[in-house]
Amino acid sequence: QVVLVESGGGLVQVGGSLKLSCTAPGRTFSSYAMGWFRQAPEKEREFVAAINWSGDSTDYIDSVKGRFTISRDDAENTVYLQMNSLKPEDTAVYYCARAKRSEWVDHAAGYDYWGQGTQVTVSS
């Protein structure tokens, strides 16, 4: 069993920034791709960003391209999501997930372990 723990969420004004972190205490995910998803109230969970095992390939949903950056530090066993120029529509619970394979995937079925989520609220 792999436990993922997210942190860094909070309340921010439009145009602000937040940096989310995801770690797996006592475990390593260096051989796996990692992803971030989000779920807004009354909406389905959607893919946000993913990074492959080596960190040299990433993918983003169109609505966050140029604003969000996913990265990983395997020495720290942590994956990050830097979110800039935040908009009200970015408000959601953000989830970190570990992929079933080393290359990134952009759908939830490709992930087998999930964190509990961290709330991001962007106020206007």
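Contacts classified as salt bridge (charged side-chain N to carboxylate O under 4.0 Å, His left out) and involving residues 105-117 (residues at least two apart or in different chains) are given here: Arg98-Asp112. The list of disulfide (SG to SG under 2.5 Å) pairs with a residue in residues 19-124, not counting sequence neighbours, reads Cys22-Cys96. Identified under the ring-ring contact (aromatic ring centres under 6.0 Å, His included) test for residues 57-86, with sequence neighbours left out: none. Evaluation of the salt bridge (charged side-chain N to carboxylate O under 4.0 Å, His left out) test over residues 57-70, restricted to residues two or more places apart or in two chains, returns Asp62-Lys65, Arg67-Asp90.
Remark: Arg101 pairs with Glu103, Val105 by the side chain to side chain contact (heavy atoms under 4.5 Å, CB included) rule, at least two apart or across chains. For Gln82, the side chain to side chain contact (heavy atoms under 4.5 Å, CB included) criterion is met by Ser17, Lys19, Thr69, Asn84, not counting sequence neighbours. Looking at residues two or more places apart in sequence or on another chain, you find a ring pair (Phe, Tyr, Trp, His ring centres under 6.0 Å) between Phe37 and Phe47, Tyr111, Trp114. For Ser57, the side chain to side chain contact (heavy atoms under 4.5 Å, CB included) partners two or more places apart in sequence, or in a different chain, are Asn52, Trp104. Applying the side chain to side chain contact (heavy atoms under 4.5 Å, CB included) rule to Glu76 yields the partners Asp73, Thr78; only residues at least two apart in sequence or on another chain are considered. Looking at residues two or more places apart in sequence or on another chain, you find a side-chain hydrogen bond (donor to acceptor under 3.5 Å, both in side chains) between Tyr94 and Arg38. Under the rule for a side-chain hydrogen bond (donor to acceptor under 3.5 Å, both in side chains), Ser71 has no partner lying at least two apart in sequence or in another chain.
When every heavy atom of Tyr32 is checked against every heavy atom of Arg72, the shortest pair comes out as O-NH1, 2.8 Å. When every heavy atom of Pro88 is checked against every heavy atom of Ser124, the shortest pair comes out as CG-CB, 4.2 Å. Contact detail for Ser31 and Ser102: the closest heavy-atom pair is O-CB, 3.4 Å. Closest non-hydrogen pair, Thr23 versus Pro25, comes out as O-CD, 3.5 Å. In terms of heavy-atom proximity, Asn77 sits nearest to Thr28 at OD1-CA, 3.2 Å. Heavy atoms only, all atoms of each residue included: Val64 and Val48 are closest at CG2-O, 3.8 Å.
Screening Leu18, Leu81, Thr91 for a side chain to side chain contact (heavy atoms under 4.5 Å, CB included) with Val120, the sole residue that qualifies is Leu18.
Between Leu11 and Ser123, some side-chain heavy-atom pair lies under the 4.5 Å cut-off. Side chains of Glu46 and Ile61 form a contact here, defined as non-hydrogen atoms less than 4.5 Å apart.
Under the 3.5 Å distance criterion, the side-chain polar atoms of Thr118 are matched with a main-chain donor or acceptor of Gly9.
Cluster annotation: Trp53 and Val79 are assigned to distinct hydrophobic clusters (Ile/Leu/Val/Met/Phe/Trp/Tyr, side-chain heavy-atom contacts under 4.5 Å, transitive). There is a path of hydrophobic side-chain contacts, each under 4.5 Å, that joins Met83 to Val14.
Going from atom CZ of Arg45 over to atom NE2 of His107 covers 14.5 Å, rounded to the nearest 0.5 Å. Separation of atoms CE (Met34) and CG (Asp74) is listed at 9.5 Å; rounding is to 0.5 Å.
Applying the 4.5 Å side-chain rule to ILVMFWY residues, one finds Val5 in the same cluster as Val3.
Summarising the local packing, CD of Glu44 is surrounded by 12 or fewer heavy atoms from other residues, nucleotides or ligands at distances under 6.0 Å. At most 12 heavy atoms of other shown residues, nucleotides or ligands fall within 6.0 angstrom of atom CD in Gln116.
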